[in-house]
Protein chains: 2
Amino acid sequence: MFPITTKKKSNPTTSIGLKRRTLIISAALKAFAEHGYSGASIQKIADSANLSKTNVLYYFRSKKLLYSEVMSSILSIWDSSFDRVTVNDCPAQALANYIAEKMENSRTMPLSSKVFAIEIINGGPNLDTSFKHTHKLWVQDRITLIEDWMTAGKMDNINPEYLLHHIWASTQYYADFSYQIENVHGAHMSQQEFTHATNTVIKLILKGCGLIVPEHYLS
Amino acid sequence: MFPITTKKKSNPTTSIGLKRRTLIISAALKAFAEHGYSGASIQKIADSANLSKTNVLYYFRSKKLLYSEVMSSILSIWDSSFDRVTVNDCPAQALANYIAEKMENSRTMPLSSKVFAIEIINGGPNLDTSFKHTHKLWVQDRITLIEDWMTAGKMDNINPEYLLHHIWASTQYYADFSYQIENVHGAHMSQQEFTHATNTVIKLILKGCGLIVPEHYLS
DNA sequence: TAGAAAACTGACCAAACGGTCTACTTTTTA
DNA sequence: TAAAAAGTAGACCGTTTGGTCAGTTTTCTA
């Protein structure tokens with residue numbers, strides 16, 4: 001009838017295939033972060049990966065599919081130790097760790113943060129509803145955690161929803177607005193300066209919540 | 001030789017011309033916020049403004065020019081009462097007012113904030129150096145103001161640069177990430193809820209700086 | 001009210017876009 | 001080592017893009 005292998009690349013298990021796919025994804029990540037979805041042409045992505053346009057389309061059958069794989073590779077990094085925090089844990093320690101983690105994400109993976117930011121700003125047209133739902137459930141669960149801390153008198157009474165937004169905003173900013181930061185700062189932030197910024201964010205938020213900053217984050 | 005009026009639209013003083021220009025700019029603002037620069041085609045902008053593509057190009061001779069006019073219309077709103085604050089003013093009052101102003105900007109002009117955010121995320125390729133320079137000088141000036149407050153013992157010792165970033169991050173977030181906020185919140189934020197969010201941000205930051213929240217911003 | 005200026009439009013263009021198809025080369029495997 | 005599979009690239013296609021131009025209609029003004 002017809003060959004068994006009707007679908008191509010259902011098995012990206014081969015050595016060269018995997019290499020190429022990750023190479024293309026990282027090139028696409030950079031292009032999407034710098035030019036947005038529409039501005040990042042397949043040709044540009046191919047050029048920056050030193051591949052032909054056709055070769056890129058061999059591994060990712062369409063631009064939308066490439067973008068969605070880039071996006072899912074981004075979302076898979078969102079796990080955090082804060083996911084497993086319980087009411088018995090110390091809120092100061094848990095929140096400080098969470099902020100430090102998010103800041104470290106901003107430092108080491110700014111491009112991922114930028115692509116995600118653009119996606120949200122544009123209304124998340126390419127985010128499937130399952131992600132939105134999962135995220136919403138996660139937030140509701142963490143809100144009850146924070147509320148439990150408050151009723152236990154472990155921290156100030158602050159709207160937990162706005163607190164979470166506040167944490168995301170102030171940490172992701174260091175990735176998304178890195179160019180603005182560099183312009184103000186005069187140069188690229190060193191790792192020391194980044195640690196200082198992290199401790200400043202931790203100090204501001206924890207003190208704002210009526211919490212004492214753990215020793216480890218004092219500088 | 002040739003007609004005197006070689007340049008068109010050097011005088012957009014006529015009634016209909018001004019109306020059309022502002023109409024196009026607002027349509028373009030929305031398109032740029034929702035689809036980015038490349039994704040917002042002149043055709044789409046024209047459609048949403050109920051004009052022909054050629055008519056749009058009659059008022060703005062190129063897409064880049066239209067974008068830069070949109071951008072300058074955004075930047076012209078950046079003035080704030082914080083510009084005129086001196087060391088003799090009360091830091092708690094001044095910072096609270098500044099945060100409230102920025103939050104009100106996020107509520108009433110989210111599209112402007114989004115277009116600006118995308119521009120910065122992409123590295124600000126369309127921002128002229130004069131703006132960057134002006135902004136840098138503004139920041140340096142405000143940093144010395146905050147430092148003066150600190151040496152006067154009016155507030156905690158906190159890196160002023162990071163403090164400013166913190167304020168911008170947590171306020172602009174309510175415009176740029178409005179879709180994420182709505183997804184978590186379950187619905188569009190009402191004005192009351194927005195005021196509550198504003199007061200929460202003010203409380204977090206001021207308390208984080210060792211300042212007492214002015215009565216007017218308690219809720 | 002006539003003429004000049006401004007506003008507007010459809011036809012058209014070259015370039016870039018995402019994507020397909022065929023054919024060739026390299027790698028893997030039996 | 002030969003066949004099968006995977007990888008690669010050039011030619012090509014329809015569509016959309018930003019933009020031009022010549023000509024028409026509307027509005028303003030002397």
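Reminder, nothing fancy here: chain letters follow the sequence lines and each chain counts from 1.
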So, OP1 or OP2 of dT9(C): does either fall under 4.0 Å of a side-chain N or O from N55(B)?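 Yes.
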Hey, is the side chain of Y58(A) poking within less than 4.0 Å of OP1 or OP2 on dT8(D), counting only N and O atoms?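 For dT8(D), neither OP1 nor OP2 has a side-chain N or O of Y58(A) closer than 4.0 Å.
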Between atom [atom1] in [X] and atom [atom2] in [N], what is the gap in whole Å?
{"X": "L51(A)", "N": "dG10(D)", "atom1": "CG", "atom2": "C1'", "answer": "15 Å"}
{"X": "R20(A)", "N": "dA9(D)", "atom1": "CZ", "atom2": "C1'", "answer": "13 Å"}
{"X": "Y59(B)", "N": "dT9(C)", "atom1": "OH", "atom2": "C1'", "answer": "13 Å"}
{"X": "H35(A)", "N": "dA16(C)", "atom1": "NE2", "atom2": "P", "answer": "15 Å"}
{"X": "F60(A)", "N": "dA6(D)", "atom1": "CZ", "atom2": "P", "answer": "16 Å"}
{"X": "I24(B)", "N": "dC8(C)", "atom1": "CD1", "atom2": "C1'", "answer": "11 Å"}

Which pair of non-hydrogen atoms, one from L51(A) and one from R20(A), has the smallest distance, and what is that distance?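 Closest approach of L51(A) to R20(A), heavy atoms only: CD2-NE, 3.7 Å.
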Nearest heavy-atom pair of I74(A) and S112(A): which atoms, and what distance?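 For I74(A) versus S112(A), the nearest heavy atoms are CD1-O, 3.7 Å.
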May I ask you to decide if the ring planes of W138(A) and W168(A) are parallel, tilted or perpendicular, using 30° and 60° as cut-offs?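 If you compare the ring of W138(A) with that of W168(A), the planes turn out tilted.
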Mind checking the CG-CD1 spacing from N199(B) to I158(A)? Nearest 0.5 Å is all I need.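 Spacing of CG (N199(B)) from CD1 (I158(A)) equals 12.0 Å.
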Which protein N or O atoms sit under 3.5 Å from an N or O of nucleotides 16-22 of chain D?
residue: dG18(D); atom: OP1; partner: K63(B); partner atom: NZ; Å: 2.8
residue: dG18(D); atom: OP2; partner: I42(B); partner atom: N; Å: 3.1
residue: dG18(D); atom: N7; partner: K53(B); partner atom: NZ; Å: 3.1
residue: dG19(D); atom: OP2; partner: K63(B); partner atom: N; Å: 2.6
residue: dG19(D); atom: N7; partner: K53(B); partner atom: NZ; Å: 3.4
residue: dG19(D); atom: O6; partner: K53(B); partner atom: NZ; Å: 3.1

Find out whether the Lys NZ or Arg CZ of R21(B) is both under 6.0 angstrom from the six-membered ring centre of F60(B) and within 45° of the ring's axis.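 Geometry flag: set, cation within 6.0 Å and 45°.
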Any donor-acceptor pair under 3.5 Å linking the side-chain atoms of S219(B) with those of K203(B)?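 Looking only at side-chain atoms, S219(B) and K203(B) do not form any donor-acceptor pair under 3.5 Å.
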